[in-house]
Amino acid sequence: MYLAAYILLLLSLLCALGGAGMGAAQLWQGRHTDLAWPEKANLVIAAGLSAASAILLHALVVSDFRLEYVASYTDLLLPMFYKVTAFWAGQPGSMLFWALMVSLCGVFFQFTRPYKNLSVETRLWYWVFYLSIMAFFALLITAWSNPFLQLSPAPADGRGMNPLLQNPGMILHPPLLFLGYGGFVIPGCLALAQAMHSDRNEQPWLDVARPFTLTAWLFLTVGILIGGWWAYMELGWGGYWAWDPVENASLIPWLIGNAAIHTGLLQTRRDKLHRVNTFLMALTTVSAFFATYLVRGNVVNSVHAFGEGGVGPALLIFVLSSLVISFFSSRQAGRGNAAELGGLETREGFLVLTAWMLIAIACVILVATLWPVITTAFGKTSSGLSQEFYNRVCLPLFTVVMALLAVCPWLGWKGGVRDWPRLGAVAASFAASVAALWISGMTPCRSWRQG
């Protein structure tokens with residue numbers, strides 16, 4: 001049975017490579033007529049990953065310790081609730097689960113009417129990008145993170161689950177994060193696809209992918225909040241975040257995705273920033289893989305990072321190559337749309353400034369998270385940055401973002417304030433809220449300044 005599950009993973013790999021290759025060959029030859037093979041390949045991939053996932057879940061439920069993965073993360077005394085959540089407790093299982101979520105999102109999108117209304121060439125480009133990602137997933141779980149490795153002889157009992165993972169948050173936090181990551185794959189690939197084939201007569205990718213973009217953002221937001229609550233309850237980290245490296249990893253795609261959503265309004269309403277929006281949406285998808293690299297590449301130290309498996313170099317190569325492809329592909333978007341943006345007195349200016357602030361926060365968190373790696377590279381002792389650093393730097397930046405978002409709706413697209421009395425009331429409420437938070441947290445704020 002487990003050999004059959006591994007064969008299903010290999011079949012998914014072959015279908016992903018074959019579908020992406022056939023799509024690329026058609027584009028190279030100028031033939032844009034046959035979508036059957038990529039679409040059928042996607043269905044086979046989803047079916048193969050679903051069947052393999054069902055086999056692994058069954059092994060976890062019945063405590064079949066012949067599988068190394070089952071023996072590593074469960075035992076006979078583990079409640080059934082946690083046996084099920086062990087599916088994503090370890091690196092091989094969580095990679096399989098993430099790939100499954102992406103494949104299901106792809107199948108759902110394949111049967112939507114907006115997808116069928118896209119031009120054939122745009123859909124071919126979409127399948128090239130999407131199936132390339134699925135091929136990488138399948139390569140990871142067949143070469144480095146195979147969840148179907150067997151032990152001989154099988155142990156009588158397993159090693160059990162990490163006590164820190166035995167929490168109700170385990171049933172919600174990882175799946176929601178993976179649904180968020182998986183959902184962003186659809187708009188990311190579609191944005192690059194439409195950049196490579198500009199057709200004024202088809203619906204813009206922002207409109208086509210909006211349900212996936214907003215749903216992915218919602219899943220990722222709720223997943224992050226539950227993860228913060230979970231961390232606070234388990235370890236008493238002085239707050240919902242305390243800026244643990246693994247938690248930071250999921251916050252970076254969320255910040256970039258927020259920036260993409262805000263700049264997307266300028267393309268939808270004002271037909272501007274086509275290239276920026278394409279790159280930011282693709283960067284959101286790439287940053288999810290970079291977050292995975294931080295967690296699984298033995299890059300940073302955390303109580304719930306995965307350091308084993310040797311997937312770090314493969315993930316890093318994929319992230320860097322995806323960045324290059326995204327940059328050059330997004331340069332093809334919106335050719336001929338070079339209209340000037342409005343100034344800071346306009347809603348356009350405030351939206352752009354908000355996006356820049358969100359990206360700045362993401363960069364600060366990224367550099368701070370990688371600070372031990374950076375200091376080691378320069379021959380110094382590895383040292384991480386404390387919670388106080390993040391609070392000093394990120395809290396003011398987040399305050400500015402909230403102020404920009406509070407004022408932006410009251411500005412006109414071409415300048416001027418639409419409703420001064422209401423803007424004044426909003427500004428006064430915001431100032432009062434900030435003052436109340438500052439006063440209630442005066443002692444820690446003073447310690448941050450003195451630290």
Side-chain angles (χ1 to χ4, degrees), residues 180 184 206 213-214 216-218 220-221 224-225 228 239-241 243 247-270 272-288 290-291 323 326 330 340-371 385 387-413 415 417 423 426-427 429-431 433-435 437-438 441 445 448-449:
F184 275 121
L206 276 169
T213 304
L214 297 180
W217 178 87
L218 179 62
L220 190 56
T221 301
I224 288 173
L225 291 175
Y240 279 93
W241 275 99
W243 309 101
E247 304 298 345
N248 290 353
S250 62
L251 188 59
I252 293 171
W254 183 83
L255 289 166
I256 299 174
N258 267 293
I261 290 172
H262 284 85
T263 57
L265 293 173
L266 294 179
Q267 182 174 334
T268 302
R269 299 290 184 86
R270 310 294 291 172
K272 298 178 180 180
L273 295 183
H274 290 254
R275 295 177 179 176
V276 171
N277 294 325
T278 299
F279 181 71
L280 283 179
M281 189 53 67
L283 184 62
T284 302
T285 302
V286 175
S287 64
F290 183 76
L323 276 177
S326 299
S330 62
E340 288 189 12
L341 290 170
L344 289 179
E345 75 282 0
T346 67
R347 189 183 297 188
E348 291 183 4
F350 266 61
L351 285 172
V352 172
L353 188 56
T354 299
W356 273 112
M357 294 299 299
L358 290 168
I359 294 173
I361 296 172
C363 291
V364 168
I365 294 174
L366 175 63
V367 172
T369 303
L370 293 176
W371 193 249
L385 296 174
Q387 177 184 349
E388 283 73 18
F389 168 82
Y390 293 98
N391 291 334
R392 286 175 182 167
V393 177
C394 293
L395 282 179
L397 293 178
F398 271 117
T399 303
V400 172
V401 170
M402 296 304 297
L404 291 172
L405 293 176
V407 173
C408 186
W410 310 105
L411 298 178
W413 287 107
V417 177
L423 177 60
V426 169
S429 300
F430 181 79
S433 300
V434 172
L437 291 173
W438 182 267
C445 288
W448 297 337
R449 290 197 303 270

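- With sequence neighbours left out, Thr263 forms a side chain to side chain donor-acceptor pair (under 3.5 Å) with Asn277.
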Output a table of donor-acceptor pairs, distance under 3.5 Å, between side-chain atoms of residues 349-367 and any protein atom two or more places apart or on a different chain; print 'none' if there are none.
unit_1, atom_1, unit_2, atom_2, d
Thr354, OG1, Phe350, O, 2.8

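- A pairwise comparison of heavy atoms in Ala368 and Phe389 identifies CB-CE2, 3.6 Å as the closest pair.
- Pairing each heavy atom of Tyr390 with each of Thr369, the nearest pair is OH-N, 3.5 Å.
- Among residues two or more places apart in sequence or in another chain, the ring pair (Phe, Tyr, Trp, His ring centres under 6.0 Å) test is passed with Phe290 by Tyr293.
- With sequence neighbours excluded, the residues satisfying side chain to side chain contact (heavy atoms under 4.5 Å, CB included) with Ser287 are Ile252, Pro253, Ile256.
- Across all their heavy atoms, Ala260 and Thr284 have their closest contact at CB-OG1, 4.4 Å.
- A heavy-atom distance below 4.5 Å is not found between the side chains of Val276 and Gln267.
- Listed by chain and number, the residues in a side chain to side chain contact (heavy atoms under 4.5 Å, CB included) with Ala282 are Leu192, Ser326 (sequence neighbours excluded).
- Atoms OG1 and CG, from Thr278 and Leu273 in turn, are 10.0 Å apart once rounded to the nearest 0.5 Å.
- Smallest separation of non-hydrogen atoms from Gly264 and Leu206: O-CD1, 3.6 Å.
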Is there a side chain to side chain contact (heavy atoms under 4.5 Å, CB included) between Thr213 and Met281? Walk through the geometry before answering.
CA-CA 9 Å; Thr213 304; Met281 189 53 67; 3.8 Å; yes
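- Separating the CZ atom in Phe279 from the CG atom in Leu323 is a distance of 6.0 Å, to the nearest 0.5 Å.
- Between Asn258 and His262, the shortest heavy-atom distance links the atoms O-ND1, 2.7 Å.
- Val393 and Leu397 make their closest contact through O-CG, 3.3 Å (heavy atoms, listed as atom of the first residue, atom of the second, distance).
- Here CG of Leu266 is found 10.0 Å from CZ of Arg347. Values are rounded to the nearest 0.5 Å.
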